[in-house]
Amino acid sequence: MINLVLFGPPGAGKGTQSDMIKEKYNLVHLSTGDLLRGEIKAGTPLGIKAKELMDQGQLVPDEVVIGMIDSKIKANKEGNGFIFDGFPRTVAQAEALDGLMSENGIAISGMVALDVDEEELTKRILKRGETSGRTDDQNEDLIRNRVKEYNTKTAPVANFYEAQGKYKTIGGVGSIEEIFTNLCAAIDSL
Ligand code: B4P
């Protein structure tokens, strides 16, 4: 079983690489961004509240995303493992994830981070915004706010896994295939 946390700032390529990783290792892909966009599309009360925050480039409250992940772990714990994409995004979420995993008799194998500089991130997200229809992808100030949220609230999550000896980082700039090869090598050595 492999339980991978794929880490990196907004636009680092987490979603792109997760799609390829889940196929190769036959993992359940859990993206909190996708789950939240599903709630928005369905017009649920949770989705309406989350949209307000996401449209300002802010994180949604920890208890909301932790609650969404909890039931997915329970439902899929007998499989080959999970790829967590965009979660955990705060140290409180990382602590909660460790708790949820151990309640189900499983554990995080490791975190692999994609390293990409801010100018490249902004460029990629603005480009995606031309076609994605995502309101949070279309404004440069808002994208910079997302990166700021990442630097203050999310970056410390790397230290959480490093302290457990479960952290690796790889370059996230280059071709998608090249990054995928390096990512697989990092996963295989977890
Ligand atoms: P996410 O959906 O996680 O949004 P993201 O960080 O922009 O996605 P990602 O990083 O996966 O994009 P990708 O690199 O694949 O979150 C959206 C919002 O939801 C957050 O701002 C927050 O408000 C909320 N949220 C989600 N999870 C939360 C949590 N746990 N706690 C609190 N709030 C939460 O793609 C970027 C672009 O780059 C794509 O267009 C792709 O084609 C391109 N690309 C990928 N690899 C490339 C490469 N090698 N070269 C060039 N371009 C590349």
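A quick note: this is a predicted structure, and the numbers were derived from the prediction, not measured. Atom set for the values below is all heavy atoms of this structure, side chains included, hydrogens, waters and symmetry mates excluded.
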Check: Any side-chain heavy-atom pair from D136 and L142 closer than 4.5 angstrom?
Finding: yes
Next item on the list: Work out which heavy atom in A92 is nearest to a heavy atom in D62; give both atom names and the distance.
Entry: CB-OD2, 3.3 Å
Next item on the list: Classify the ring geometry between F84 and F82 as parallel (under 30°), tilted (30 to 60°) or perpendicular (over 60°).
Entry: parallel
Checklist line | Separation between CG of N182 and OG1 of T169, rounded to the nearest 0.5 Å | finding: 11.0 Å
Notebook entry, point to check: When you measure from the side chain of Q93 to the backbone N and O of R89, does any donor-acceptor pair fall under 3.5 Å?
Noted result: yes
Note to self: Run the side-chain contact (heavy atoms from CB on, under 4.5 Å) test on D85 and Q17 for me, step by step, so that the C-alpha distance in whole Å, both residues' side-chain angles and the decisive distance to 0.1 Å come before the verdict.
What the structure shows: CA-CA 9 Å; D85 160 12; Q17 295 293 335; over 6 Å; no
Notebook entry, point to check: Can you tell me how far the CG atom of N26 sits from the CG atom of N80, to the nearest 0.5 Å?
Noted result: 4.5 Å
Note to self: Quick check for you: to the nearest 0.5 Å, what is the distance between L30 atom CG and N76 atom CG?
What the structure shows: 7.0 Å
Check: Minimum heavy-atom separation for L114 to A12, with atom names?
Finding: CD1-O, 3.6 Å
Next item on the list: Measure across G172 and I179 and return the closest heavy-atom pair with its distance rounded to 0.1 Å.
Entry: O-CD1, 3.2 Å
Checklist line | Backbone of Q58 reached by a side-chain donor or acceptor of N145 within 3.5 Å | finding: no
Margin query: Measuring from atom OG1 of T32 to atom CG of D34, what distance do you get when rounded to the nearest 0.5 angstrom?
Written below: 8.5 Å
Item checked: Close side-chain approach of E39 to P45, heavy-atom, < 4.5 Å -> no
Side chains of residues 48-55: which donor-acceptor partners sit under 3.5 Å, not counting sequence neighbours?
from : atom 1 : to   : atom 2 : distance (Å)
K49  : NZ     : E52  : OE1    : 3.3
K51  : NZ     : D55  : OD2    : 2.6
D55  : OD1    : T135 : OG1    : 2.7

Check: At their closest point, which heavy atom of G11 faces which heavy atom of K14, and how far apart are they?
Finding: N-NZ, 4.5 Å
Next item on the list: Compare all side-chain heavy atoms of T154 with those of E149 and state whether any distance is below 4.5 angstrom.
Entry: no
Next item on the list: Identify which one of I143, L126, V147, V173 satisfies the side chain to side chain contact (heavy atoms under 4.5 Å, CB included) criterion when paired with L121.
Entry: V147
Item checked: Distance (rounded to the nearest 0.5 Å) between D141 CG and K148 NZ -> 11.0 Å
Notebook entry, point to check: When clusters are formed by joining ILVMFWY residues with side-chain heavy atoms under 4.5 Å apart, either directly or through shared neighbours, do I187 and M20 land in the same one?
Noted result: yes
Notebook entry, point to check: Is the closest side-chain donor-acceptor distance between E118 and N151 under 3.5 Å?
Noted result: no
Check: Would you say S102's side chain and G105's backbone share a donor-acceptor pair under 3.5 angstrom?
Finding: no
Check: Going hydrophobic residue to hydrophobic residue with side-chain gaps under 4.5 angstrom, can you get from I170 over to Y25?
Finding: yes
Item checked: Derivation and outcome, salt bridge (charged side-chain N to carboxylate O under 4.0 Å, His left out), residues E120 and R124 -> CA-CA 6 Å; E120 171 74 13; R124 284 186 192 177; 2.9 Å; yes
Next item on the list: Examine distances only and state if a side-chain atom of T44 and a backbone atom of I40 form a donor-acceptor pair shorter than 3.5 Å.
Entry: no
Check: Do the side chains of L4 and S109 get nearer than 4.5 Å, heavy atoms only?
Finding: no
Notebook entry, point to check: Looking at side-chain heavy atoms only, is the closest gap between I21 and K24 below 4.5 Å?
Noted result: no
Checklist line | Considering all heavy atoms, the nearest A94-P88 contact | finding: N-CB, 3.4 Å
Note to self: Does anything in residues 2-22 form a ring pair (Phe, Tyr, Trp, His ring centres under 6.0 Å)? List the pairs, not counting sequence neighbours.
What the structure shows: F7-Y150
Next item on the list: Kindly determine whether L100 and I66 satisfy side-chain contact (heavy atoms from CB on, under 4.5 Å), including the steps that lead there.
Entry: CA-CA 9 Å; L100 293 176; I66 293 165; 4.2 Å; yes
Item checked: Same apolar cluster: L190 and V157, side chain cutoff 4.5 Å -> no
Next item on the list: Find out if a path of hydrophobic residues (ILVMFWY) with successive side-chain heavy-atom gaps under 4.5 Å connects M101 to M68.
Entry: yes
Note to self: Using the side chain to side chain contact (heavy atoms under 4.5 Å, CB included) criterion, which residues pair with N104? Sequence neighbours excluded.
What the structure shows: I73, K74, K77, I106
Margin query: Looking at R144 and E140, is any side-chain nitrogen of the basic one under 4.0 Å from a carboxylate oxygen of the acidic one?
Written below: yes
Note to self: Is there a side-chain contact between E130 and D137 in this structure, where contact means two heavy atoms from C-beta onward sitting under 4.5 Å apart?
What the structure shows: no
Check: Between Y161 and V112, is there a shared hydrophobic cluster once you connect ILVMFWY residues whose side-chain heavy atoms come closer than 4.5 Å?
Finding: no
Next item on the list: Write down the atom of N3, the atom of A107, and the distance for their closest heavy-atom approach.
Entry: ND2-O, 2.9 Å
Notebook entry, point to check: How long is the span from the CZ atom in F87 to the CG atom in L6, to the nearest 0.5 Å?
Noted result: 14.0 Å
